[in-house]
Amino acid sequence: MTRSMMTAIRHALTVTREADFAAWYQEVISEAEMAEESGVRGCMVIKPWGYGIWERIQKLMDARIKAAGVDNCYFPLFIPLSYFAKEAEHVDGFAKEMAVVTHHRLIQDGKGGLVPDPEAKLEEPLIVRPTSETVIGQAMSRWIQSWRDLPLLTNQWANVVRWEMRTRMFLRTSEFLWQEGHTAHADKADAMAETLRALEMYRAHAEDDLAMPVIAGEKPENERFPGAVATYSIEAMMQDGKALQAGTSHYLGTGFAEAAGIRYQDRDGQQTLCHTTSWGVSTRLIGGVIMTHGDDDGLRVPPAIAPHQIVILPMLREDEGDAALLAYCEALRSELSAQSALGEPVRVLLDKRAGKATQKRWAWVKKGVPLILEIGGRDAAGGQVSVVRRDRLWNEGGKVNFLAQNRDEFVAKGAAELEDIQRALHFEATSRRDAQIHRGITDVAGLESFFAESKRYPGWVELGWSRPTGAALEQVVATLKALKLTVRNTPMHAPAPGGTCVFTGQQAVETIYVARSY
RNA sequence: CGGGGAGUGGCGCAGCCCGGUAGCGCGUCUGCUUUGGGAGCAGAGGGUCGCAGGUUCGAAUCCUGUCUCCCCGACCA
């Protein structure tokens, strides 16, 4: 019964998540008009709907950053090679994926083209920032002299470039947009507190703003940021069961401070190295939102980050009735905009572009607007609105689930409905994730057989391990790699698991999540 | 960076093997009909066949190079 109803539905996309998750992901981005190819390897054009979501993420994240007392700055795109070369592990981590500027002028090549002018070679090459620890460290070394200057809390919103071998829209692009927080502290305790504050900020943003459940925890040693003493992440589970690292926060110790000379005179008059941190989230979050909330009809945007939360579609008929209908819709838009949802004015678009309302409707469905209102002449005359919730698009009969409601009643409860959608998306994603976390595997053979089974979307495995380091960890990483698995993180505040380590047989001291990942 | 696949109107594709005026579906535009839900009929517009060389009387088609995208791998905050 259910099956026949399901197959009767004509979805807005041509590829389902079940049929081909990677193709589905790309179709969502294309059909929701979020981004497109640019012609430059690994770089994308972010279109208004995709960028609008990013602007929402920026706005909400920026408020959280500022609330923590962190000030925004801007540092240069170009970093002198010599700055970058100072921190050895950092160099090892990034050298292979660097864009380098070597010339400052072009000349005619005599064949109608242009080439870099050999006469205009830069004395010192500039790298295009892959991250800004080094250049911000240089500034910090100038800005910090005394213990009174600490902590120094900065952030910048910027683009960065990493020459990735393999790219995927939003998830891994050669150029991406992000924020990078950089802080300097008097001691380790203060720096660690900041590192964990940022982690908690990211967890709250993901859960509350993106409705994307995450597990916050510490990365294993082999997954640390190049040059970091400790790296923490938030990890989200996508609908195909893979893990997505959705944000990171690093305690950098004194290594970067040493490289850049970030020192302060302490209360005893001694020159002392600062302890620094860095933390970031990027446009990758948008990929996470797609793979967390998207369905076979396109994206579903959580109301908190939806550029438009409600779209009103007048069923224009190009006759004398249109004026009255538009007036009705405009009044509706105005009243809804005066409401407040999720702590902000409700964002309402009256889409009165020419075109059939039904076609425009499917465009908004694919974009994932939380509430779509289609208003016809009869609604206007009867004081009604026809509303469909994007998260409940289909009714049991396989039809679009429009619900006629009294206009004034809808105005009164529209904001609450948006908040309910935000909750519903979070609940749905959390339930799905929890159902796909598997426990009870006690040895490597069990792990192998679990992932060897032809499960389409195996999800994550929660294990206890002995937190091996060095060569022992390398052994574990190799074992996991053979299964295409990685250790995601050790969740914060998790009790000691008890039992023995799946890999070493020693006492298990930590809980970890093991998964395939993006 | 290695292996595989692909690039032809806005989108999806055929044509290529076997060189001879660039086609189809959807969408777009116009008109008529229809009108509470992804409309019908008729007509029209729209393409440097990724790019650059080469072979040829003639290249979407054959050859060489190159760029970009997708999948797998390696790599990867």
Side-chain angles (χ1 to χ4, degrees), chain A residues 9-15 20-23 25-27 29-31 33 36-44 89-90 92-98 111-113 129-133 160-169 171-174 176 178 180 219 222-228 231-234 244-250 252 278-282 284 297 313-319 321 325 354-366 372-382 384-386 388 393-395 398-404 481 484 486 517-518:
Chain A
I9 291 177
R10 179 183 158 195
H11 285 292
L13 302 184
T14 61
V15 184
D20 186 339
F21 197 79
Y25 176 76
Q26 289 171 94
E27 191 178 12
I29 291 169
S30 157
E31 290 295 311
E33 300 183 278
E36 63 187 22
E37 299 302 336
S38 65
V40 179
R41 179 185 178 78
C43 297
M44 60 181 177
E89 283 185 37
H90 196 57
D92 282 348
F94 284 109
K96 285 171 292 189
E97 50 186 53
M98 205 70 75
K111 292 179 283 189
R129 64 179 163 222
T131 179
S132 302
E133 274 75 6
V160 289
V161 169
R162 298 177 186 178
W163 215 259
E164 300 289 349
M165 288 288 112
R166 188 173 169 188
T167 60
R168 305 190 70 177
M169 284 218 183
L171 297 176
R172 177 172 288 108
T173 46
S174 295
F176 57 93
W178 76 346
E180 47 180 325
K219 284 294 210 183
N222 62 306
E223 300 273 357
R224 277 183 200 141
F225 176 71
T231 287
Y232 298 82
S233 71
I234 53 171
L244 181 74
Q245 181 170 301
T248 51
S249 183
H250 315 288
L252 301 175
S278 67
W279 28 272
V281 295
S282 72
R284 172 182 268 195
D297 297 293
L313 293 172
M315 314 270 307
L316 299 171
R317 295 178 61 175
E318 299 183 352
D319 62 20
L325 178 57
K356 298 195 55 132
T358 47
Q359 288 175 355
K360 291 196 286 180
R361 170 174 88 217
W362 288 106
W364 288 117
V365 164
K366 287 187 281 192
I372 299 173
L373 276 54
E374 289 189 13
I375 314 294
R378 245 174 275 169
D379 290 311
Q384 294 214 316
V385 293
S386 289
V388 66
L393 185 61
W394 303 101
N395 64 23
K399 296 271 178 27
V400 176
N401 195 19
F402 274 106
L403 212 62
K481 188 174 177 178
K484 298 182 188 175
T486 52
S517 70
Y518 279 98

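Reckoned from all heavy atoms, side chains included, excluding hydrogens, waters and symmetry mates. Proteins come first, then strands; the chains are lettered A, B, ... in the order of their sequence lines, and each starts at number 1.
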### Message
So, OP1 or OP2 of C69(B): does either fall under 4.0 Å of a side-chain N or O from Gln26(A)?
### Response
no

#### Entry: Pairing partner (Watson-Crick or G-U wobble, both distances under 3.5 angstrom) of U30(B)
A42(B)

### Task
May I ask which nucleotide in the shown strands pairs with U68(B), Watson-Crick or G-U wobble, both distances under 3.5 Å?
A6(B)

### Query
Mind checking whether His11(A) and Trp362(A) have ring centres under 6.0 Å apart?
no

### Summary
Heavy-atom nearest nucleotide on RNA chain B taken for Phe402(A) and for Trp178(A); more 5' hit belongs to Phe402(A)

#### Entry: Given RNA chain B, 5'-ward residue of the pair Trp394(A) and His250(A), judged by closest heavy atom
Trp394(A)

### Query
Glu37(A) has a side chain; which of C75(B), C69(B), A39(B) sits nearest to it?
C69(B)

### Message
Looking at C1(B), which nucleotide sits across from it as a Watson-Crick or G-U wobble partner, both distances under 3.5 angstrom, or is there none?
### Response
G73(B)

### Task
Check whether any side-chain N or O of Ser386(A) sits under 4.0 Å from OP1 or OP2 of G36(B), and answer yes or no.
no

### Message
Applying side-chain hydrogen bond (donor to acceptor under 3.5 Å, both in side chains) to Ser278(A) and Glu133(A), what does each step give before you reach the verdict?
### Response
CA-CA 8 Å; Ser278(A) 67; Glu133(A) 274 75 6; 2.7 Å; yes

### Query
Is Arg378(A) near enough to G36(B) that one of its side-chain N or O atoms lies under 4.0 angstrom from OP1 or OP2?
yes

#### Entry: G-U wobble or Watson-Crick pairing nucleotide for C57(B) (cut-off 3.5 Å, both distances)
G20(B)

### Message
Please determine whether a side-chain nitrogen or oxygen atom of Arg41(A) lies at a distance below 4.0 Å from atom OP1 or OP2 of C69(B).
### Response
yes

### Query
Would you say Leu313(A) and Trp364(A) make side-chain contact, with heavy atoms under 4.5 Å?
yes

### Base-pairing assignment for G36(B) (Watson-Crick or G-U wobble, both under 3.5 Å)
none

### Query
Is there a donor-acceptor contact under 3.5 Å linking the side chains of Ser174(A) and Glu164(A)?
no

### Query
The side chain of Lys484(A) lies closest to which of these nucleotides: C76(B), C69(B), C72(B)?
C72(B)

### Task
Sort out the partner of U48(B) for me: Watson-Crick or G-U wobble, both distances under 3.5 Å, none otherwise.
none

### Query
For the side chain of Arg317(A), counting heavy atoms from C-beta on, which of C76(B), C71(B), U35(B) is nearest?
U35(B)

### Query
What nucleotide, of G36(B), C75(B), C70(B), holds the atom closest to the side chain of Thr167(A)?
C70(B)

### Spacing of the P atoms in G12(B) and A52(B) (rounded, Å)
22 Å

### Task
From the options A39(B), C76(B), G73(B), select the nucleotide whose nearest atom is closest to the side chain of Thr358(A).
A39(B)

### Task
Look at the side-chain N and O atoms of Lys356(A) and state whether any lies under 4.0 Å from the OP1 or OP2 oxygen of U35(B).
no

### P atoms of C70(B) and U56(B), separation to the nearest Å
38 Å

### Query
What orientation do Phe225(A) and His250(A) show, parallel under 30°, tilted 30 to 60°, or perpendicular over 60°?
parallel

### Message
Using atom P in both nucleotides, what's the gap between G10(B) and U48(B) to the nearest angstrom?
### Response
9 Å

### Task
Only one of Asn401(A), Val400(A), Ile9(A) passes side-chain contact (heavy atoms from CB on, under 4.5 Å) with Leu393(A); say which it is.
Val400(A)

### Task
Among C71(B), C1(B), C76(B), find the nucleotide with the atom closest to the side chain of Ala22(A).
C71(B)

### Task
Ignoring backbone atoms, establish whether Arg172(A) has a side-chain N or O less than 4.0 Å from OP1 or OP2 of C75(B).
no

